[in-house]
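Notes follow once the structure below has been shown.
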Amino acid sequence: MDEPCDLKVHVNGHHTLLLHQSVVCGFSGRLRAMAAREKRTKTSRGGGGGGAETLMSVELAGFPGGGEGFELVARFCYNNGRLPPLRPADLPLLHGAAAFLEMTEEVRAGNLLAQTEAFVDDGLCDWTWADLLAAVKSRFIADGLLEKLLSALFSRIAASGAETPNCSSSSSSSPDTAGGRPSFSARTPESAKPSCLVGGREWWFDDLASLSPRAVEKAMRVIGCYGADNKNLTLTRFLLHYLRRAATLRKADDKGCLAGLADTAAHGVALAGGGAAFSCRGLFWALRVASAAGMSRECRRKLESLVGQMLDQATLDDLLVSGGEDGGGVYDVSLVMRLVRVFVSSAEEDAGSSPSSSSQRMRKVGRLVDKYLAEISPDHGLGVSRFLAVAESLPDSARDCYDGVYRALDIYLESHSALTLEERGTLCRCLNYEKLTLEACKDLSMNRHIPPRIAVQALSSQRLPKLPNPLSPSRTSRRVVVDEEKEALRVNLRRMQGRVVELETTCKEMRGKIKVPRTTTNKSFGGRGLPWMC
């Protein structure tokens, strides 16, 4: 074209192109309107020669694909409205650019927007699995086109479900290689709901895990499995697989889609019946994944209810969840206490129909909580009230023996040496002295961290084993051993009681001897009076 360019287009502030108004404005309604507005502005200001030499300048901000995308559009315009050679991966960019520039049928018949949509409708069945993935991953894809491509993508999964077993996730093992080409529709999501979405066909998980959160959310909506409508176990497993990378995905989640996907996964787990489809460890994993992705409190309660009812099948590793919401320690103690409350409530309901089974499950959780308590005791962020809350979260019947609680208490006292005498006494509230073994009770009485009055109380409450029949000669030796232990315990108890009396007497004598004037202060203690000795 010999005519000089009369239109200067600035694209996103980085690229400038010189074009002919008669060419590009004949296809773009937006550019036509912008050029006309610019011409009116110049005329009202009395500037510009008004002839063909006048150069109009327009700016396009937020244009899809920047200079590369506009170059594709310009090539279409200068090619008299014929599409340039396209790869499927380029189609979303060209489609988005056509929509941005208003290249519709109202402006010109056979315009770019209609041709890109026809390219999809007529040629989509010839696209490979890799072509579909590349197009869906485009940053510039519009919602309408995304819906068509996702429908086609899941139709491929549906059609190849019976022929493609659990193979590795790659484009080379895609549904394009499985027998004949499947029949599907790009216009309706109904074709994306076949039976292949039920079961363990997971060959496509890794491929679709590379999609953006927006694309995955749209996919769930297209196939009618978003939010509370998710009743599909395979899609639930895919979402959990996808959400494992929540920290990475959050950077690309400009629409805030992750929380909705987490809720969708939680609804799927709940509708699957929890233990019917997931092990206890699997439920813990689902809870962690969905929580990291930001699921709602309502969905969290649903998952915690499922996990809590299966707490007797959990292991110590399952309970060691780091990073609590309150930020008060290394571990999420609040979560464990909520799970224990759910379990206790469930076990108490089952006690009426199956008391023996309920009691057995309760004792199993009691042993688990004692192990957990010992594991978290060294944490300096674990306060006295939190320790007691965990220790007392189970009823007394959950423990036949309190030695595990005492061991955890001993670790806690060793790790928190700055505790006051009152706090140490309060901590001992979680112990049932009558359910301590003789060995544990002896250790408690000699433990320097245990207040003396507590040691005396524990020794006083100790239940000695019943003596065997004295008339039985075969048990004479056992009786002698028990008598010796009983006598040693009595001596230790008398010694502890004497020590307490001696300390009280000494304390009273010192109080009588030390006289501190109320109106003066002791300089050697920085202005503070002498502390009480007891």
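Just so it is clear, the values below take in all heavy atoms, side chains as well, and ignore hydrogens, waters and symmetry mates.
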Can you check whether Asp350 reaches Ser357 side chain to side chain, under 4.5 Å on heavy atoms? no

If you round to the nearest 0.5 Å, how far is CG of Leu55 from CD of Glu38? 9.5 Å

Provide the full list of ring-ring contact (aromatic ring centres under 6.0 Å, His included) pairs with a residue in residues 355-376, sequence neighbours left out, each pair given once. none

Any side-chain heavy atom of Leu18 sitting closer than 4.5 Å to one from Asp6? no

Students often mix this up, so state it plainly: with edges at 30° and 60°, are the rings of Phe238 and Trp204 parallel, tilted or perpendicular? tilted

Is the shortest heavy-atom distance from the side chain of His15 to the side chain of Phe70 under 4.5 Å? no

Do the non-hydrogen side-chain atoms of Gln115 and Phe76 ever get within less than 4.5 Å of each other? yes

Would His416 and His380 count as a ring pair (Phe, Tyr, Trp, His ring centres under 6.0 Å) here? Give the steps. CA-CA 7 Å; His416 299 74; His380 288 283; 5.4 Å; yes

Would you call Lys364 and Asp312 a salt bridge, taking side-chain N to carboxylate O under 4.0 Å as the test? no

Could you walk me through whether Gln360 and Ser356 satisfy the side-chain hydrogen bond (donor to acceptor under 3.5 Å, both in side chains) test, starting with their C-alpha distance in whole Å, then the side-chain angles of each, then the deciding distance to 0.1 Å, before giving a yes or no? CA-CA 6 Å; Gln360 185 177 0; Ser356 60; over 6 Å; no

Taking 4.0 angstrom as the limit, do Asp370 and Arg407 come out as a salt bridge? no

Heavy-atom check, side chain of Phe387 versus side chain of Ile376, under 4.5 Å: no

How long is the straight-line distance from SG of Cys77 back to CG of Leu72, given to the nearest 0.5 Å? 11.0 Å

Stepwise side-chain hydrogen bond (donor to acceptor under 3.5 Å, both in side chains) check, Lys137 with Ser210: CA-CA 8 Å; Lys137 290 178 185 178; Ser210 61; 3.0 Å; yes

Once salt bridge (charged side-chain N to carboxylate O under 4.0 Å, His left out) is applied, what residue pairs with a partner in residues 78-99 remain, sequence neighbours excluded? Arg87-Asp90

Quick check on Glu414: does its CD atom have over 12 non-hydrogen neighbours (other residues, nucleotides or ligands) under 6.0 Å away? yes

Does some side-chain heavy atom of Val216 sit less than 4.5 Å from a side-chain heavy atom of Tyr242? yes

Rounded to the nearest 0.5 Å, how far does CD of Glu102 lie from CG of Asn111? 11.0 Å

List for me each residue that meets side-chain hydrogen bond (donor to acceptor under 3.5 Å, both in side chains) alongside Asp400, sequence neighbours excluded, and say none if there are none. none

What heavy-atom pair brings Leu150 and Val136 nearest, and what distance separates the two atoms? CD2-CG1, 3.9 Å

